[in-house]
Amino acid sequence: MNIKRLSACALLALGMGTAMTAQAHRAWMLPSATVLSGENTWVTVDGAVSNSLFYFEHFPLRLKQLEVLSPTGAAVETQNMAEGRYRSVFDVELKEEGTYTLQIHRQGAFARYTLEGESKRWSGPVDKVSEIPSQASDVKVSEIDSRMQVFVTKGAPTDETFKPSGQGIELVPVTHPNDLVTGEPVHFKFLVDGQPAQGLPLVLIRDGIRYRDQVGEIELTTDAEGAVEVTFTEPGMYWVEAELEQPSQKIEGAPRRLSYSATLEVLPL
Amino acid sequence: MQWKPITAALLLSASTGQVVADEFRVQVEIPALQVAEYHRPYVAIWIETDKGRHQQDLALWYDLELADNEGTKWLKDLRQWWRRSGRQLEFPVDGLSGATRPVGTHAVSLAADAPQLAQLPAGQYRLVVEAVREVGGRELIRLPFQWPITTVQQQQAQGKHELGRVALALTP
């Protein structure tokens, strides 16, 4: 209920898809389908920042840093991209067979500070932190690594686009994310900078929050190998998120905030 | 709807927490929750007949301090209250609107002759407390009572999600 004015302003000012505070709105992409067949195959994707999933109620998702990878790893051009008052939208034609990855991976630094009595915000590459005026006070800098993903598959699922980059939080599909059904155990593994993400807390939230009284989050924590297992009882689109904070290796004295989110579709079996 | 536009002055004289008599006393516990992102709930408290017909709003706790009345954007998430009463009102409503409450037990006390109660015909009623929390859930509790107050009546219920103990005490 209580709109976060600061993060709202930060979102506007930075044109970013997600807020950096602990009290963040949820940023997400929602594909029209994740399992597709046939010829002349397209997906259309909504993107938004909101409280409730998956409703357009707050800000459109900024898509400047969106990339779409084909099953063979080629960059795919999006089409019909538009930004509305509450949501962004784009289309992807699926010409190849296999799994596409749609993602926004942001790395850099974010800062809040006070200058001449006014609170300011700054974002940019880590090596440009010196742009923050030296006379600024209350400077709070964070290093940011956030990844938001959606997977869609035409034909049989493929793994080509899941090669870890070794940066930030990444999902390793033990169970393929476009092969999720109710009643069957799903196994995922998470990496942080390429290493198993031990003890990483995850939250999974099913779509349609408006139509039930309790959010009903599924909370999980990865084991020593960075692995989690979950068996979905309800089909639907699920938003999964993981957040982690650690000391920055690049900006002295600053925290490094890592986040991962994805929209996963669970089909009824 | 049964919302009677009573003058602000009258309402203010009977607003929460500063009444002389408290023949009609509601206690609402806002529970402490272990969640990653916590916001104080929006709460609506009203009286309906035992058939569910809305009679009188007693309190509305929401973010009324936000600029441009932005806090009203989520009033519709108090779904029952919004449908029964809220959508007919203009905000802030004097004497009804209050700030969101922190974790703890909060009282709304009224004298039996308070303007919200004075015109209530004799009969069976229910006190309704509805709470909804940003990025959280929603919960609704009803407590029956008889009007006018002839004997001591005490009702309570324990919320499971967004509300803790909700109690109603009527004293002649």
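Below, chain A is the first sequence line, B the second, and so on; all start at residue 1.
Between the CD atom of B:E130 and the CG atom of A:D213 there is a distance of 8.5 Å, given to the nearest 0.5 Å. Atoms NZ and CD, from B:K160 and A:Q214 in turn, are 10.5 Å apart once rounded to the nearest 0.5 Å. We find the CG-NZ distance between A:N51 and B:K73 to be 8.0 Å, quoted to the nearest 0.5 Å.
Annotation: residues 138-150 of chain B contacts chain A through B:R138 [non-hydrogen atoms, separation under 4.5 Å].
Around the CD atom of B:Q158, the shell of radius 6.0 Å holds more than 12 heavy atoms that belong to other residues, nucleotides or ligands. Environment of CD in A:Q249: sparse, with no more than 12 heavy atoms of neighbouring residues, nucleotides or ligands closer than 6.0 Å.
You'll find the side chain of A:H25 reaches within 4.5 Å of the side chain of B:E134, heavy atoms only.
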Side-chain donor-acceptor distances from residues 190-208 of chain A under 3.5 Å, at least two apart:
residue	atom	partner	partner atom	Å
A:D193	OD1	A:G168	N	2.8
A:D193	OD1	A:R256	NH2	3.0
A:D193	OD2	A:R256	NH1	2.7
A:D207	OD2	A:M237	N	3.3

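Within the structure, the salt bridge (charged side-chain N to carboxylate O under 4.0 Å, His left out) test picks out no pair touching residues 225-234 of chain A (sequence neighbours left out).
Scanning for side chain to side chain contact (heavy atoms under 4.5 Å, CB included) contacts around A:T221 gives an empty result, with sequence neighbours left out.
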